[in-house]
Amino acid sequence: MNPDYPLPMNIPQSFVIVFLAIVGSCVGSFLNVVIYRLPRGLSIVHPPSACPECSSKIRWFDNIPVISYLILRGRCRYCKTPISPRYALVEIATAVAFVALYDAFYVMRMHSWFGHFPLDLPIFIAHLVLVAILIVCSAIDIEYYLIDIRITYVAFITGLICWSITPVAKLAQITKSSVSAAVLAGLVGAIIGFIVRNILLSKKASSEQHEGEEQESFTSTKSQQKTNLSAIIFLLLYLAGAIVIVVSLVSANHSIESYKMRMWGYVVWLFLAIIAGSVPRRESDKEIVEVIEQEKSSARAVALTEFIYLTPIIVGFIVLWSVAKFIPTIANIFDYLLRLRFGIFAPVTGFAFSAVGILIVAGFGWAVRIIFTLVFGKEAMGPGDIYILAAIGAIAGPAVAILGFFIGSVIGVFGICVLLLWKTSRALSYGPWISIGAFVCLLGYNPIMNYLKPAVKALMVICTHSYK
Ligand SMILES: [Zn+2]
């Protein structure tokens, strides 16, 4: 392993690492706002942050990530109401995740796509966005057992845009055999099918609108926020560990052995964040188990209905795919689109690459959901989890999403065993485990892909993508 430094103007690598850690903690601070406000239906941008108890505005010097929390000893400056330690936890975890991605992509070159600094910048930024989105989804899932799919749309849009503006030199390297004309045609068909499906669904929804008013109660969150000394001690240790990991990256010799140690550090640190976030007992614990029990009788019917509503997408894909396959004139049109160049960019190829990622992963997710629900007669993997998987597919590609799902399931089983030490609830969130699985996959991309080469090759035939 001989990492060279792909940064312009000889910026020291240690500077970039520290910079990313600080940016990560500030992004984490913003994610906290999203995590708090989105499930409550509040605006993310307005008004400025205030204490939920005494409504005093939070001044800038009380809003410095992690540090302010520790200085205030986890209490509001004015009314002394305990602030949830989750705020500092999210900030540290985001910083660790950002540094870890940089380590994997640029320091250790764990990903054959990365290492050409300006060319792959859009995709690196997309991955940072992805990690931020996964943290938001996981935190909301842990708290309320729901996934706000609006957040995953941000990932779809980011993925589609960032892949579209990736220079063709980089793109050609990633999509060696590229997306074929028939697949592009199929994609267009799937998009048409998706629009048709949404029109059908919106008609269905408007006719059912007055059947059930949404009842959400968030009063439960107040009582749980009892910050105590153990939370502060845990946070101090957690922060110390995070600093050790970052320092070891700055000072390490960048051998594969030292990377293995750091990789453990990154993964264990995010794992701890999930566990620490899941431990407090929530009102929603009981509610979700009741809902699952109630829906048990209709779970199979629901899964079948969902499948019916997916058919326009599947039919759309198959129809246009076959049209392009058997009518050369049509194939030529799509081929022309794929070859479109704007300067150094090939927007259609990049867009299609990301869109194929979404489609493959969504197909995989729905298949798992429908098959498991039909077999076990109980809701397996919520639709929100499929959106998370598809979000990963849009940015990191289908292999990371699907492998991440399996790796995450294994970590999840372990995590749930650990959690059972503290709580007895049967309710589980799947989102955090899918996220950490994808994260592991991103950190160890090359070794994992090499190990799984035979299986990945089979997958590639379906994906029509080829990885090195
Ligand atoms: Zn207050």
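Order of appearance sets the numbers: ligands from 1, and atoms from 1 within every ligand. Remember, it's a predicted structure, so these values are computed and weren't measured experimentally.
For residues 91-106, the set of pairs meeting the salt bridge (Lys or Arg N to Asp or Glu O under 4.0 Å) definition, not counting sequence neighbours, comprises Asp103-Arg262.
With sequence neighbours left out, Phe345 forms a ring-ring contact (aromatic ring centres under 6.0 Å, His included) with no residue at all. Remark: Asp141 engages no residue in a side-chain hydrogen bond (donor to acceptor under 3.5 Å, both in side chains) (not counting sequence neighbours).
Listed by chain and residue number, the protein N/O/S atoms under 2.8 Å of the Zn ion (ligand 1) are Cys51 SG, Cys54 SG, Cys76 SG, Cys79 SG, with waters left out.
Here Trp433 and Phe271 bring their ring centres to under 6.0 angstrom of each other.
Enclosure of atom OH in Tyr451 is not indicated, since only 12 or fewer non-hydrogen atoms of other residues, nucleotides or ligands lie within 6.0 angstrom. The number of heavy-atom neighbours closer than 6.0 Å to CZ of Phe19, taken from other residues, nucleotides and ligands shown, is 12 or below.
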